[in-house]
Amino acid sequence: MTEKKAVFSADRLNLIIALCAIFISLASFYATYLQASAAEKQVKAMTLPLMVFEHGNYNSNTKTKVINFSMGNSGSGAAIIHNTSLMYQDNRYNNIGDFLNACCSSEYKQYREFFAKDKKLTLEDGGFVTKEINGVVLPAQSDRNFFTLFEHPNSQALWKKINNERWKLDVEFCYCTLLDDCFVSTGNGIATSVKSCPVK
């Protein structure tokens, strides 16, 4: 009788074991990569800000007519705002003063001349207040008023003009996350990823 040859020789068996070990190592590496990628995406999602622009002409709490321009962060992480542009009639402006000169030149000039005569007039007398719009850190789910104008006979002409023109205003934000991911978004909240934000 002839002897049957072994189906698996020792060398072949060692080769199969080695290939299985390589396959298991590759599968383990791939699983680790997927887990790390998923964790990174989760961290980014948890720190993602989303900047929006809002405006109004009435404060329901105080029941007063007041124009407010505000920047809001409706995302889940803090926004480091590097620069902001006020966009009005196809032009960009870096601050409220430039926008007011563009939208409401004669009313704004008359308003400044009137208030220059009396430095003691308060906000309730028709004054306005502005805040910085660049170099600001805005926490998640928070907002920041950057322009407030109270309605009053002293400010009525300017108030009415801005109340009409505010619908033509949009704001573009360039901001970064705490992880240095940067975005550009307009007031509607649609964000586009960018490499970095130029600092003004």
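Throughout, residue positions are numbered sequentially from 1 according to the sequence presented.
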*Can you name the closest pair of heavy atoms from Asn145 and Ser70 and give their distance?*
OD1-CB, 3.2 Å
*asked:* Tell me if the aromatic rings of Tyr111 and Phe128 count as close, with their centers under 6.0 Å from one another.
replied: yes
*Thr64 side, atom OG1; Asn59 side, atom CG - distance, nearest 0.5 Å*: 4.5 Å
*Taking all non-hydrogen atoms of both residues, which atom of Pro49 and which atom of Gly77 are closest, and how far apart?*
CB-O, 3.2 Å
_Please evaluate residues Trp167 and His55 with respect to the criterion ring-ring contact (aromatic ring centres under 6.0 Å, His included), reporting the C-alpha separation (whole Å), side-chain torsions for both, the decisive distance (0.1 Å), and the verdict._
CA-CA 9 Å; Trp167 300 101; His55 57 89; 4.8 Å; yes
*Cluster link Leu100 to Phe115, ILVMFWY, side chain under 4.5 Å*: yes
*If you look at every heavy atom in Asn73 and Ala79, which pair is closest and at what distance?*
ND2-N, 3.6 Å
*Around atom CD of Gln110, are there more than 12 heavy atoms of other residues, nucleotides or ligands at under 6.0 Å?*
no
*CG/Asn83 to CZ/Phe173 distance, rounded to the nearest 0.5 angstrom?*
11.0 Å
*Sequence neighbours left out, what passes side-chain hydrogen bond (donor to acceptor under 3.5 Å, both in side chains) with Glu107? Give chain and number order.*
none
*For Ile81 and Tyr175, work out which heavy atoms get closest and say how close.*
CA-CB, 3.9 Å
*Sole candidate of Thr130, Asn163, Leu158 that passes side chain to side chain contact (heavy atoms under 4.5 Å, CB included) when paired with Leu149*: Leu158
*Looking at Cys182 and Cys197, what are the two nearest heavy atoms and their distance?*
CB-SG, 4.1 Å
_Phe69 vs Ile96 side-chain heavy atoms within contact, under 4.5 Å_ = yes
*asked:* Quick check: closest heavy atoms across Asn91 and Tyr93, and the distance to 0.1 Å?
replied: CB-OH, 3.4 Å
_Members sharing Val184's hydrophobic cluster (side chains within less than 4.5 Å)_ = Val194
